[in-house]
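Note on naming: letters A, B, ... go to the chains in the order of the sequence lines (proteins, then strands), and numbering restarts at 1 for each one.
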Amino acid sequence: MTFQSILDEIDNNLKKILSDLSISDVQFSVEPAKPGFGDVSSNISFLLAKQLKKSPKDIAQLLSEKYSHCTNTLVLKSESHPSGYLNFYANWDKLNQLIISESYLETCGDVDIGNGSTMVVEHTSVNPNKALHIGHIRNIVIGDTISRILQKANYKVNVLNYVDDSGLQVADIIVGFKHFGYDQEPPDGKKFDHYCGDDVYVKTTEKYDADSSLEEIRKDVLKELEDGDSETAMFADKITRRVLEAQLETCWNLGVTYDCLNFESQIIRSGLWNKIFEKLKEMNLVEFENEGKNSGCWVIRGEDKEEDKVIVRSNGTATYIAKDIPYAAWKLGLLEDPFNYEKYVPEQPHSRVLWQTTLNKTNPISKDFTGEKVVTVIDSRQSRLQKIITSLMGKFKSVPDAYNHLGYESVTLSSDTAKTLGLDTDGKQAQMSGRKGLYVNADSVYDILKEKTKDETKKRHSEMSTSEIDSIAHSVSVGTLRYEMIKQDLDKIITFDLTKSLSLEGDTAPYIQYTHARASRIIEKSGRTPTIDVDFSLLTEKSELDLIKNIGLFNLQVRDATNNLSPKVIARYCYDLAVSFNSFYEKSKVLDLGDVELENSRLCLVNSFKIVLEKALDLLGINAPDRM
RNA sequence: GGGCCCAUAGCUCAGCAUGGAUAGAGUGCCGGACUUCUAAUCCGAUGGUCAAGGGAUCGAAGCCCUUUGGGCCCGCCA
């Protein structure tokens with residue numbers, strides 16, 4: 001139970017004291033203390049002030065006195081602070097041992113919030129007509145990190161990627177290939193997704209802008225796509241799957257994997273829409289409009305008339321949001337599954353099997369990728385639509401908070417970076433646009449980062465083999481990219497600047513990874529295998545205790561991140577942990593002390609840090625190299 | 001016109017959910033530390049009317065209201 005143990009002990013004792021005083025229903029806090037105020041703090045005195053008609057300071061004194069009579073194993077003493085806080089000092093001899101030996105266990109950092117229940121996490125969900133850009137990467141990294149955290153919190157997680165392989169964006173590249181003569185093979189061995197996005201898509205849409213009569217071709221193609229058996233649809237399927245494969249390469253390279261790919265085209269053809277539409281009608285959640293601007297349409301009622309949302313057009317076809325409703329219901333397991341499943345080829349790395357839906361009835365395999373709860377990662381521009389879906393799902397499923405939209409702000413380009421792409425924004429940041437070709441794609445950011453980190457590594461280790469340098473540079477580049485996407489709050493816009501993103505100092509992944517390498521190096525140089533069979537009472541330096549305390553907070557942070565679906569909590573934790581290790585590193589030498597007992601105790605601590613940091617970084621999908 | 005989000009140090013951000021102690025980091029600028037377990041590091045200095053105003057509270061960066069500035073969304077497009 002790590003640091004939680006001392007919190008629980010204090011919590012229980014305080015509750016006992018309150019019940020002796022015949023006071024109940026006080027929701028006081030017991031938290032790790034701010035530096036300089038002991039080890040644990042409680043705000044209990046403030047909350048009692050009114051009831052007891054005494055100042056917080058006096059109450060703290062009273063409680064502190066009473067606390068000294070409680071049974072304590074982990075608390076050394078309590079102390080009332082003049083401000084009114086009640087502070088506690090830990091019995092570090094015991095807490096050291098507890099925290100460090102716990103950290104050596106496989107289960108370290110695990111918390112049980114999910115109780116083994118299933119959770120669907122859907123992320124990525126990009127049109128397969130272009131390469132992933134830096135904005136998509138935010139989505140992907142948030143989704144992947146959240147699913148790793150949820151697993152740590154004992155959820156069984158099904159990760160889905162909704163392949164949006166129908167609609168206009170796909171139609172546009174098909175028009176490019178079939179009508180504007182783009183070769184199916186990219187020139188100069190360009191990656192296929194880059195080719196489709198940079199060349200075919202951008203230039204095809206440019207042609208529409210120049211000649212509006214071409215819109216007719218576009219509409220015809222779109223119509224042909226809807227008929228799954230048409231030659232156009234089959235061609236489109238071939239193209240979008242090639243793009244998808246290239247996109248997945250990018251994801252896999254960043255350490256992101258999935259359980260199942262769901263194809264929008266198949267959801268449309270599966271007939272799920274009709275089923276859910278009947279259900280909506282039965283439950284009176286949709287209404288047919290006889291008059292007004294939406295006359296002849298089926299709508300979902302909003303708060304007022306202006307917010308009514310059309311889901312079936314007057315020509316009988318379903319709108320964009322309508323396609324999302326059956327998929328959301330399917331994810332929650334509310335519909336009979338119309339799909340069969342087959343393994344996706346090529347194989348996904350890290351021996352995680354990737355499945356895909358199919359409507360093919362030969363050799364049917366059934367699978368269950370639904371969940372009791374769902375997290376859908378989509379940027380907050382979709383909040384309005386997601387709110388409608390959330391509310392509908394709330395009516396279908398009684399589990400509270402079954403459907404969750406995890407929104408996040410977009411990634412924009414700094415004016416400098418926009419300028420290098422040929423857009424003068426007059427000093428303002430710019431929204432990315434796939435259509436206009438105004439984006440920074442993820443592969444090139446990775447490549448640039450990797451070149452830089454290779455150079456940095458070579459500078460430090462002239463003796464290293466090329467493959468080792470390559471492997472370190474890969475870990476550091478992926479780490480840097482992922483960390484930048486995750487370290488700040490979801491509701492903050494990220495202004496991406498190509499130059500600034502190359503920074504490898506300060507609050508960055510390389511900083512954290514470097515501390516890990518330092519720890520590894522100490523253990524390697526010692527030539528010993530660290531064990532927990534050491535004298536923990538030798539660890540008394542402030543920097544040592546701070547580090548141990550941070551190590552002991554791991555599971556508390558996982559809990560926080562899970563409850564708030566907040567990946568940045570883990571990013572901050574990794575950083576704090578690294579900072580406290582660096583402080584320890586500066587102040588306490590580990591090797592060549594001439595005191596084997598002390599060396600072993602510190603070595604044990606170094607290894608404890610290394611283990612926990614590796615686990616925490618793993619939640620962020622970041623590797624921790626032993627050397628860099 | 002309606003709705004959502006943001007505003008804290010020159011810049012980028014923590015802290016806000018659950019009000020309480022001295023508002024913290026990184027970066028930048030200035031200065032210092034590598035014959036030492038890796039300097040992708042560390043130490044010091046500089047830097048704040050927590051956008052503005054009001055309210056409730058013993059107490060507000062945090063809660064409520066108003067205002068200002070910025071971003072996004074509001075189609076029988078997807």
Side-chain angles (χ1 to χ4, degrees), chain A residues 27-29 31 33-37 41 43 45-47 49-50 55-56 81-85 87 127 164 166-171 222 289 293-299 302-304 306-307 309-315 317-321 323 379-385 387 407 409-410 412 428-429 431 453 456-457 459-461 476 487-495 497 500 503-515 517-526 560 563-564 566 568 572 575-576 579 582-583 585-593 602-603 606 627-628:
Chain A
Q27 297 292 316
F28 57 87
S29 71
E31 291 169 334
K34 288 210 279 188
F37 297 102
S41 301
N43 66 353
S45 326
F46 297 110
L47 305 177
K50 210 171 243 179
S55 75
H81 188 272
S83 66
Y85 269 105
N87 296 330
N127 286 111
D164 199 351
S166 54
L168 270 184
Q169 296 212 22
V170 169
L222 190 59
E289 194 71 84
K293 60 170 183 165
N294 295 332
S295 179
C297 302
W298 288 87
V299 301
E303 298 269 311
D304 67 83
E306 287 303 306
E307 287 182 29
K309 190 75 211 163
V310 172
I311 64 164
V312 176
R313 305 184 184 96
S314 52
N315 68 6
T317 57
T319 58
Y320 169 71
I321 181 175
K323 290 178 200 161
D379 78 77
S380 47
R381 284 175 293 201
Q382 301 254 21
S383 291
R384 189 177 285 258
L385 293 182
K387 210 175 145 191
E409 273 295 344
S410 50
T412 62
K428 285 187 177 173
Q429 50 182 250
Q431 292 285 331
T453 50
E456 295 290 326
T457 313
K459 240 190 267 170
R460 291 166 174 81
H461 304 282
V476 175
K487 74 171 176 185
Q488 60 192 247
D489 211 73
L490 300 179
D491 53 23
K492 287 275 195 324
I493 295 167
I494 293 180
T495 305
D497 185 279
K500 286 183 184 157
S503 157
L504 308 173
E505 284 159 21
D507 185 7
T508 63
Y511 171 89
I512 300 167
Q513 290 169 312
Y514 181 72
T515 21
R518 277 180 148 182
S520 298
R521 189 68 174 148
I522 292 175
I523 295 168
E524 187 193 324
K525 275 224 162 164
S526 77
D560 185 3
N563 288 334
N564 297 305
S566 180
K568 70 149 192 269
R572 300 215 69 79
Y575 179 70
D576 290 343
V579 168
N582 277 324
S583 166
Y585 187 92
E586 293 295 324
K587 287 174 189 134
S588 312
K589 229 172 157 312
V590 178
L591 303 178
D592 305 323
L593 298 172
R602 287 188 176 163
L603 207 55
V606 170
R627 302 185 68 188
M628 61 183 276

Going through the distances and angles, do A:L385 and A:K309 end up as a side chain to side chain contact (heavy atoms under 4.5 Å, CB included)? CA-CA 9 Å; A:L385 293 182; A:K309 190 75 211 163; 3.9 Å; yes

Base, sugar-phosphate, or nothing: which does A:D592 touch, judged by heavy atoms less than 4.0 Å apart? nothing

Closest non-hydrogen atoms of A:M628 and A:H461, given as atom of the first, atom of the second and distance, are O-NE2, 2.8 Å

Base, sugar-phosphate or nothing for A:L504? Non-hydrogen atoms, less than 4.0 Å. base

Phosphate OP1/OP2 of B:C72: any A:Q431 side-chain N/O under 4.0 Å: yes

Note: A:S45 and A:G84 closest approach over all heavy atoms is OG-O, 3.0 Å

Between B:U36 and B:A51, how far is it from one C1' atom to the other, in whole Å? 50 Å

Take atom P in B:C77 and the same atom in B:C13, then report the distance between them in whole Å. 37 Å

Here's a test of your reading of the structure: between A:A33 and A:Q429, which maps to the more 5' nucleotide of RNA chain B? A:A33

Decide yes or no, distance alone: a donor-acceptor N/O pair under 3.5 angstrom between the base of B:A14 and the side-chain of A:D489. no

A:L47 CG to B:U57 C1', straight-line distance once rounded to whole Å: 14 Å

Using atom OH of A:Y575 as one end and atom P of B:C13 as the other, report the distance to the nearest whole Å. 16 Å

Can you tell me the Watson-Crick or wobble partner of B:A7, both distances under 3.5 angstrom? B:U68

Could you check how far CG of A:D379 sits from P of B:A78, rounded to whole Å? 18 Å

Identify whether any heavy atom of A:R518 sits under 4.0 Å from a base atom; if not, whether one sits that close to sugar-phosphate; answer base, sugar-phosphate or nothing. sugar-phosphate

Stepwise side-chain hydrogen bond (donor to acceptor under 3.5 Å, both in side chains) test for A:S29 and A:N43: CA-CA 6 Å; A:S29 71; A:N43 66 353; 3.2 Å; yes

With the side chain of A:E586 defined as its heavy atoms from C-beta on, choose the nearest nucleotide among B:C42, B:A40, B:A78. B:C42

B:A40 base / A:T457 side chain donor-acceptor hit below 3.5 Å: yes

Could you report the tightest heavy-atom contact between A:P56 and A:S83, atom names first, then the distance? CB-O, 4.5 Å

Give none if B:C13 has no partner; otherwise give the nucleotide forming a Watson-Crick or G-U wobble pair with it, both distances under 3.5 Å. B:G24

With a non-hydrogen cut-off below 4.0 angstrom, is A:K387 in contact with a base, only sugar-phosphate, or nothing? nothing

Can you tell me the distance, in whole Å, between the CG atom of A:N582 and the C1' atom of B:G26? 14 Å

Pair A:R518, A:N582 - check side chain to side chain contact (heavy atoms under 4.5 Å, CB included), show working. CA-CA 9 Å; A:R518 277 180 148 182; A:N582 277 324; 2.7 Å; yes

Options B:A21, B:A78, B:C73, nucleotide nearest the side-chain atoms of A:Y320: B:A78

Could you tell me the separation between the NZ atom of A:K323 and the P atom of B:C77, rounded to a whole number of Å? 11 Å

With rounding to the closest Å, how many angstrom separate the P atoms on B:U67 and B:U49? 25 Å

Taking 4.0 Å as the cut-off, does a side-chain nitrogen or oxygen of A:R313 come that near to OP1 or OP2 on B:C77? yes

Identify the nucleotide, in any strand shown, that forms a Watson-Crick or G-U wobble pair with B:G47, with both distances under 3.5 Å; if there is none, say none. none

A:R572 has its side chain closest, among B:A14, B:A17, B:A78, to B:A14

For the pair made of NZ in A:K34 and P in B:G24, what is the distance, rounded to whole Å? 7 Å

Would you classify A:R521 as touching base, sugar-phosphate or nothing, given that sugar-phosphate means primed atoms plus P, OP1 and OP2, and contacts are heavy atoms under 4.0 Å? base

Could you state the atom-to-atom distance from CG of A:L490 to C1' of B:A17 in whole Å? 14 Å

Could you check how far CD of A:Q27 sits from C1' of B:U18, rounded to whole Å? 10 Å

Considering only atom C1', compute the distance from B:U57 to B:G10 and round it to an integer number of Å. 36 Å

Distance check: side-chain N/O of A:K487 vs OP1/OP2 of B:G26, anything under 4.0 Å? no

Mind checking if A:Q488 touches a base, just sugar-phosphate, or nothing, with heavy atoms under 4.0 Å? sugar-phosphate

Among B:G71, B:G26, B:A17, find the nucleotide with the atom closest to the side chain of A:K428. B:G71

Could you tell me whether A:I321 contacts a base, only the sugar-phosphate backbone, or nothing, with contacts defined as non-hydrogen atoms closer than 4.0 Å? nothing

Base, sugar-phosphate, or nothing for A:L591, non-hydrogen atoms under 4.0 angstrom? base

Is the shortest side-chain N/O distance from A:K568 to OP1 or OP2 of B:C13 below 4.0 Å? no

Using a 4.0 Å heavy-atom cut-off across all strands, classify A:S314 as base, sugar-phosphate, or nothing. base

Could you tell me whether the side chain of A:I522 reaches within less than 4.5 Å of the side chain of A:Y585, counting heavy atoms only? yes

Paired to B:C63 by Watson-Crick or G-U wobble criteria (both distances under 3.5 Å) is B:G55

Considering only B:A40, B:A17, B:C37, which nucleotide approaches the side chain of A:Y585 most closely? B:C37

Any side-chain donor near an acceptor of the partner, A:Q169 and A:N127, under 3.5 Å: yes

Complement of B:G1, any strand, by Watson-Crick or G-U distances under 3.5 angstrom: B:C74

Side-chain donor/acceptor of A:R460 to base of B:A40, under 3.5 Å: yes

Sugar-phosphate only, base, or nothing, as touched by A:E524 at under 4.0 Å among non-hydrogen atoms: nothing

What interatomic distance, in whole Å, is found between P of B:A9 and the corresponding atom of B:A56? 29 Å

Just call it for A:D491: base, sugar-phosphate, or nothing, with non-hydrogen atoms closer than 4.0 Å on any strand. sugar-phosphate

Look at all strands and tell whether A:K589 reaches a base, only sugar-phosphate, or nothing, counting heavy atoms closer than 4.0 Å. base

Residues A:L591 and A:K589: closest non-hydrogen pair is O-NZ, 3.4 Å

Please state the C1' separation for the pair B:U41 and B:C58 - nearest whole angstrom. 47 Å

For A:K50, answer base if it contacts any base atom (sugar-phosphate contacts may also be present), sugar-phosphate if it contacts only those atoms, and nothing otherwise; contact means non-hydrogen atoms under 4.0 Å. nothing

Smallest heavy-atom separation, A:N87 atom then A:F37 atom, equals CG-O, 3.4 Å

Considering every strand and a 4.0 Å limit on heavy-atom distances, what is the contact class for A:S566: base, sugar-phosphate, or nothing? nothing

Does the B:A21 base have a donor-acceptor partner in the side chain of A:S41 within less than 3.5 Å? yes

Just to confirm, is there a sub-4.0 Å distance from OP1 or OP2 of B:C42 to any side-chain nitrogen or oxygen of A:Y511? yes

C1' spacing across the pair B:G70 / B:U8, given as an integer number of angstrom: 16 Å

Heavy-atom nearest nucleotide on RNA chain B taken for A:Y85 and for A:Q382; more 5' hit belongs to A:Y85

What interatomic distance, in whole Å, is found between C1' of B:C50 and the corresponding atom of B:G24? 12 Å

